[in-house]
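In the text below, chain A, chain B and the rest are named by the order of the sequence lines, each starting its count at 1.
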There are 2 protein chains.
Amino acid sequence: MDSLQPSDEFPGIGIAALERDIGVGKETLRVWERRYGFPQPLRDAFGERVYPADQVARLRLVKRLMDQGGRPGKLLGQPLEALSAQLGAAPESGVGGGEAAADWLVPLLRQRDVERLRGELAQRLAREGLERFVVDTVPALNRRVGDGWVSGEIEVFEEHLYTEQVQNLLRSAILGLGLRDASPRVLLTTIKDEEHVLGLLLVEALLALQGANCVSLGTGTPVSDIVAAARATGTQVVALSFSGACPWRKARDSLTELRAALSPAVALWAGGAGLSGGARKVAGVRRIERLEDVATALAEWRATSA
Amino acid sequence: MDSLQPSDEFPGIGIAALERDIGVGKETLRVWERRYGFPQPLRDAFGERVYPADQVARLRLVKRLMDQGGRPGKLLGQPLEALSAQLGAAPESGVGGGEAAADWLVPLLRQRDVERLRGELAQRLAREGLERFVVDTVPALNRRVGDGWVSGEIEVFEEHLYTEQVQNLLRSAILGLGLRDASPRVLLTTIKDEEHVLGLLLVEALLALQGANCVSLGTGTPVSDIVAAARATGTQVVALSFSGACPWRKARDSLTELRAALSPAVALWAGGAGLSGGARKVAGVRRIERLEDVATALAEWRATSA
DNA sequence: CACTCATAATGTCCTGGACAAACGAATTCT
DNA sequence: AGAATTCGTTTGTCCAGGACATTATGAGTG
């Protein structure tokens, strides 16, 4: 709505609006300008920064690539096309195309029509079944929403709206499965400072579908709390999810620490885009590459423990 | 969790944490310190501000009173007791006590137990019926949540959680009423920069309950869009909600502008705490003082138009 | 390959100055 | 009386440039 004006007569947006739009603090934006020479906003009649639409678009790409592990020093020098190319290459869109276009999604988000959004999602879930919904559809929709943000079609707020609805739906679906006493008992969570919740829910759904007894601690659990909870609940498997935003090393260190603190009898599983980069393996940690492998890991565990 | 440490060994929190906790920007916090001498944080080994728990508590009260129209120049000089007294006096807790204590609410929020929160709310709605729920219970719960934040029992995030669930519940209750073709057709919204949504939903519920045909545009609609929407949907009544945070003059000006732009045949209703202060009336605008008056206004409209 | 350490990159915090927009009170108009 | 206008004051946000803690990178080593 704001950022689609091409030029002429609408010079651009202020630094506060940019902070909201991109999700990068004012101080950081000013430092980028000082250090890397980009962005290079115009100035209004009173010396305040005014960011034209093309710079905003470029910044959106930069932010996106940074969330996937890119670094400002490299990214801020590149022109728009180069960034676009990088973004197109990176996402391991992987095997399934999932839902091809999902063009119904963006308009619904822009209108903030929560009811119909929920309806459409629920309909797809019912039609495809929980497994395909989780493995194919949700990842495809996530991609669509992410792309929509990059291109300026939708705002962060609307992205939250989407996440919220998918969460609601998955939670009630999981609750509906209602298997309480099956084995193994799996503890799901993410480490401290890792707030991405969707991946966790997807895994929980897949596990619940196979009859596992899931206990989710939500996001951002410190290692010590994970250990305590695992002991208290008699957990047999601890499963962690790491989003793309989570730095390489931190993931590795948390896993090492957790592995040491946890009883050797408890299995430790780790998955998510945050592990794709460097560190391949930590001793005693079962790596889960893709959502499809969740079922495999579970089957293996059952075979081993029997 | 953070701010409950009394002193000794835990000196306090940093400025970034304070910004999150209180909802006031870092720059503003620094300027308050410079201008009014409060807050006056300690400094850590490296010269960075550290806010002890008592100052945080006092700031929470200040912020609360500012949201009700207070001004920093006056508030920041007062000691904690004076602020407390003011807060106790101000809220027009009005007639109904609503739910006396609602002590079940805060623990649920702290545990982030969304499922049970929803359950408890739904149960009360079913027991009391929509009207009493909207007029008595929800305002009482709002107050409880607000007080919980002031006292540091719950965090902003948990406040959002609460709002979200009440919204869900009310929306589906309204949808469940399912009256589509009754008269009048009422357009509900708030003006630009006014994001408070709960008041709007309460009014919508009451109107729907009386068989009005409600169309909600959500929050933050610019005047021109309101006019366009009113024309497009053949609206007979436009109802606006103004929260306590909305400044006096802005509310008045919006109403004046809207009244001028709207067809004279369309009624204009305005309500909410934002109008309590100064400007008593704008010509051609029906003022709605309390939730109970919604039904009255509707009855009047029907009498007049018949 | 996986680990360790020095160097470079990066975000956040600091001070102090400036001004536009919002406000309150006193005044005039109806 | 109550509404509009005016004007000095209050208040949030912006700017510049400097500093440092933290974290990543990459070369060298087991």
Just by protein heavy atoms under 4.0 Å, how would nucleotides 4-16 of chain C read 5' to 3' in B, S and -? -----SBBBBBBB
Take Val238(A) and Val227(A), measure what side-chain contact (heavy atoms from CB on, under 4.5 Å) needs, and give me the verdict at the end. CA-CA 9 Å; Val238(A) 171; Val227(A) 175; over 6 Å; no
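At a threshold of 4.0 Å, the pair Glu300(B)-Arg286(B) counts as salt-bridged, since one of the basic side-chain nitrogens sits closer than that to a carboxylate oxygen. Under the 4.0 Å criterion applied to side-chain N and carboxylate O atoms, Lys250(B) and Asp193(B) are assigned as salt-bridge partners.
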Both distances under 3.5 Å, Watson-Crick or G-U wobble: on that basis, could you give the dot-bracket string for DNA chain D, with [ ] for crossing pairs and | for other-strand partners? ||||||||||||||||||||||||||||||
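Atom C1' of nucleotide dA24(D) and atom CG of Leu75(A) are separated by 14 Å, given to the nearest angstrom. Between the NZ atom of Lys63(B) and the P atom of dT11(D) there is a distance of 16 Å, given to the nearest Å.
Of all heavy-atom pairs spanning Ser241(A) and Leu200(A), the tightest one is CB-CD1, 3.7 Å. Among all heavy-atom pairs drawn from Cys246(B) and Ile191(B), the shortest one is SG-CD1, 4.2 Å.
Gln40(B) CD: 12 or fewer foreign heavy atoms inside a 6.0 Å radius.
The closest side-chain heavy-atom distance from Arg64(B) to Leu83(B) is not below 4.5 Å.
Between the side chains of Glu194(B) and Ser243(B), at least one donor N or O lies within less than 3.5 Å of an accepting N or O.
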